[in-house]
Structures are given as structure tokens and as C-alpha cells.
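Working notes for the structure below.
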Amino acid sequence: MDTVREALQELPDAVFADLLESESAYRLVIDLPGATADTTDLRSEGGRLHVEARREKSFGGEFDYVREDRPLFLDAEIPLPPDAGTDAEASMSRGVLTVTVPKRSAGPAESIDIDDA
């Protein structure tokens, strides 16, 4: 869990994220203003969650930029906890990406036979 928290702290200042945990899953909520499901790529690979988001800037021709601080792209790699499963679910609503990653169950304990040598 500490590596996930550290990765979230390394996100750009303009990106806000929450990490939640239940008994059965982890939930990551990331604010991506201006991004949509169509402009966001999300994949889980090698124990990491990869987020690539792009937002549109369109203000018409009436205004010119005097200062431009909002990034167009977010490219983040967030390590998942060791017990994170692979069947993640994600949704995007009004620029907020919510990713739910189930925990792998440890399964019932099994007896292991020991051979007499």
C-alpha cells in the first residue's frame, strides 16, 4: 500500500487522487478535468496500473492564452498492491475516473502431506 500512496503523491500538482480500500477491493479515484472515457487509456500490466489521459482545450478564437498551466496530458504508472486482482472495473463521469480492483482471495487453507524420507 505504501508504494501506491507514494506513486499518488508523485502525480502532477494539478491531479488529485484518492485511494480507498474495502475488505474485498481497492478503489482509486482520479480527477481528470476535461478528459473523457474516449480520451483516456487505462490498462493493468505487470502489477501496475497505467493511466494515459488527454483533455481537449477549445475556447474559440476570441481569446488568446496569456498563461497556460493546465496540462493536456497525464501519463501515470501506479503500482498495485501485491494482493490486487486482475479483473478491474473502471468508469468515467464528469472528468472523474474511478477504478475498482478486486483483491485476490487467499483461498481456504489446505493441508500439505509430508513424505517420510
Side-chain angles (χ1 to χ4, degrees):
M1 277 295 271
D2 289 337
T3 56
V4 178
R5 284 189 201 112
E6 290 169 9
L8 293 178
Q9 290 173 349
E10 293 177 11
L11 291 174
D13 290 339
V15 178
F16 297 98
D18 292 328
L19 174 64
L20 300 98
E21 180 180 11
S22 72
E23 295 219 7
S24 62
Y26 296 100
R27 180 166 287 164
L28 183 62
V29 181
I30 305 174
D31 290 347
L32 299 171
T36 66
D38 291 335
T39 63
T40 303
D41 181 42
L42 177 68
R43 67 186 187 284
S44 176
E45 179 181 355
R48 297 186 170 282
L49 191 64
H50 299 267
V51 182
E52 294 178 16
R54 184 180 89 261
R55 66 179 183 83
E56 303 293 325
K57 284 188 177 181
S58 177
F59 294 105
E62 184 179 342
F63 292 91
D64 294 320
Y65 280 99
V66 174
R67 181 176 167 162
E68 185 176 10
D69 289 331
R70 299 181 313 143
L72 283 174
F73 299 98
L74 169 71
D75 187 2
E77 187 175 297
I78 301 166
L80 294 171
D83 63 343
T86 56
D87 297 331
E89 294 180 357
S91 64
M92 176 81 81
S93 176
R94 299 179 63 187
V96 177
L97 175 65
T98 302
V99 183
T100 303
V101 181
K103 292 180 179 179
R104 285 188 300 236
S105 64
E110 293 183 26
S111 179
I112 300 172
D113 292 331
I114 301 173
D115 293 332
D116 194 12

Distance-only donor-acceptor hits, side chain of residues 84-100, under 3.5 Å, sequence neighbours excluded:
{"residue": "T100", "atom": "OG1", "partner": "R27", "partner atom": "NE", "Å": "2.9"}
{"residue": "T100", "atom": "OG1", "partner": "R27", "partner atom": "NH2", "Å": "3.2"}

Checklist line | I78 side, atom CD1; I30 side, atom CD1 - distance, nearest 0.5 Å | finding: 4.5 Å
Item checked: Any F73 side-chain heavy atom under 4.5 Å of E52 side chain -> no
Check: For D75, what residues pass the side chain to side chain donor-acceptor pair (under 3.5 Å) criterion, not counting sequence neighbours?
Finding: none
Next item on the list: Sequence neighbours left out, what passes side-chain contact (heavy atoms from CB on, under 4.5 Å) with E23? Give chain and number order.
Entry: none
Name every donor-acceptor pair, under 3.5 Å, that has one atom in a side chain of residues 32-41 and the other anywhere in the protein, sequence neighbours excluded.
{"residue": "T36", "atom": "OG1", "partner": "D38", "partner atom": "N", "Å": "3.3"}
{"residue": "T36", "atom": "OG1", "partner": "T39", "partner atom": "N", "Å": "3.2"}
{"residue": "T36", "atom": "OG1", "partner": "T39", "partner atom": "OG1", "Å": "3.3"}
{"residue": "T39", "atom": "OG1", "partner": "T36", "partner atom": "N", "Å": "2.9"}
{"residue": "T39", "atom": "OG1", "partner": "T36", "partner atom": "O", "Å": "3.3"}
{"residue": "T39", "atom": "OG1", "partner": "R54", "partner atom": "O", "Å": "2.7"}
{"residue": "T40", "atom": "OG1", "partner": "T36", "partner atom": "O", "Å": "2.8"}
{"residue": "D41", "atom": "OD2", "partner": "R43", "partner atom": "NH1", "Å": "3.4"}

Checklist line | Minimum-distance pair of heavy atoms, taken over all atoms of P79 and R48 | finding: CB-NH1, 3.4 Å
Next item on the list: Please report the shortest heavy-atom distance between L49 and L28, naming the atom on each side.
Entry: CD2-CD2, 3.7 Å
Next item on the list: Quick one: closest heavy-atom pair of H50 and E77, and the distance?
Entry: CE1-OE1, 3.0 Å
Notebook entry, point to check: Do R55 side-chain atoms and L74 backbone N/O form a donor-acceptor pair below 3.5 Å?
Noted result: no
